[in-house]
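Working notes for the structure below.
Chain identifiers are assigned alphabetically (A, B, ...) following the order of the sequence lines, protein sequences preceding nucleic acid strands; residue numbering begins at 1 within each chain.
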Amino acid sequence: KQEVTQIPAALSVPEGENLVLNCSFTDSAIYNLQWFRQDPGKGLTSLLLIQSSQREQTSGRLNASLDKSSGRSTLYIAASQPGDSATYLCAVRPQNSGYSTLTFGKGTMLLVSP
Amino acid sequence: GAGVSQSPSNKVTEKGKDVELRCDPISGHTALYWYRQSLGQGLEFLIYFQGNSAPDKSGLPSDRFSAERTGGSVSTLTIQRTQQEDSAVYLCASSFSTGRGGNTIYFGEGSWLTVV
C-alpha cells in the first residue's frame with residue numbers, strides 16, 4: 001500500500017528565507033505527483049503537477065522536483081512571504097490503484113513571519 | 001463555472017439525520033472525486049466518477065455513504081443516519097479525463113459537516 005510522508009510537519013521561518021518542503025512515498029510506481037496548498041478553512045489549491053517522466057516543474061517562486069526511483073519530491077519556495085503561510089500537501093497517483101485515487105501526505109504547516 | 005462549487009459550505013446536523021452534499025465540477029471535466037478530511041488527518045479517498053463508467057466506490061467507509069452523479073456533471077454525496085465520527089470536511093474535486101499521465105485535479109472549498 002502506498003504511503004506518503006511529509007517532513008517537517010510544521011515549519012516557521014522569517015520572511016525572505018528560501019525553504020524546502022519534503023515529500024516521500026513508499027512505492028515508486030506512480031503516474032504523477034501533485035503539490036497543493038491549503039489555507040485555513042479552505043479547499044486545496046493546486047500548485048504544481050509533475051508527471052512520472054519529469055524531473056521538475058517551476059511556477060514563479062516555486063520549484064518542485066521529483067526523484068521517482070528514490071521515492072522523493074521536494075518543493076522549494078524562494079524568497080518566502082507571509083502570504084505563503086499555509087499547509088502544503090503532496091499527493092501521488094499510484095499506478096497500482098488505477099486512475100481514481102490520489103494518496104496524500106498529512107501536510108507541512110508553514111508559517112512565514114514578517 | 002470557474003471552479004469546483006460545493007454546497008452547503010457548512011452543515012450542522014443531529015446524530016441520526018441524513019445529509020446531502022452537492023458538488024458542481026468545472027465545466028468539461030469528466031472525472032469527479034470525493035475526499036474526506038478529518039481534523040488532524042490526511043485526505044481520505046471516498047469515491048471517483050469517470051464519464052459513464054461505473055464509479056470506484058472502494059473508499060466509502062460504510063454502506064451509510066453513497067454518491068451519485070447525474071448527467072455526467074453534478075454529484076451528490078449522501079450520508080445516512082449520521083454519526084459523530086462523520087464530522088469532517090468533505091472535499092470534491094474534478095479533472096479532465098484521467099490518462100496515464102494524469103491531469104491537474106482542482107478542488108472545491110469543501111463542505112464542513114458537524115454532527116452533534
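Looking at Leu43(B), both its backbone and its side chain come within 4.5 Å of chain A, counting heavy atoms on both sides. Looking at Ile105(B), both its backbone and its side chain come within 4.5 Å of chain A, counting heavy atoms on both sides. Residue Gln6(B) does not touch chain A at all, counting heavy-atom pairs closer than 4.5 Å. Residue contact with chain B, scored on non-hydrogen atoms closer than 4.5 Å, is absent for Gln6(A). Contacts of Leu89(A) with chain B are made by side-chain atoms alone, with heavy-atom separations under 4.5 Å and no backbone atom involved.
At a threshold of 4.5 Å between side-chain heavy atoms, the hydrophobic network of Ile, Leu, Val, Met, Phe, Trp and Tyr places Tyr48(B) and Phe65(B) in two separate groups. When hydrophobic clusters are built by joining Ile, Leu, Val, Met, Phe, Trp and Tyr residues whose side-chain heavy atoms come closer than 4.5 Å, directly or via intermediates, Ile79(B) is grouped together with Val115(B). Residues Leu60(B) and Leu113(B) fall within the same hydrophobic cluster, defined by Ile, Leu, Val, Met, Phe, Trp and Tyr side chains chained together at heavy-atom separations under 4.5 Å. Tracing side-chain contacts under 4.5 Å through hydrophobic residues (I, L, V, M, F, W, Y), one never reaches Leu75(A) starting from Leu49(A); they form parts of separate clusters.
Tyr106(B) OH: 12 or fewer foreign heavy atoms inside a 6.0 Å radius. Within a 6.0 Å radius of CD in Glu14(B), no more than 12 heavy atoms belonging to other residues, nucleotides or ligands are found.
Nearest heavy atom pair, residue Lys42(A) against residue Trp112(B), reads N-CZ2, 4.2 Å.
Rounding to the nearest 0.5 Å gives a distance of 6.0 Å between CZ of Arg93(A) and OG of Ser95(B).
With a 4.5 Å cut-off on side-chain heavy atoms, Tyr35(B) and Leu44(A) do not count as touching.
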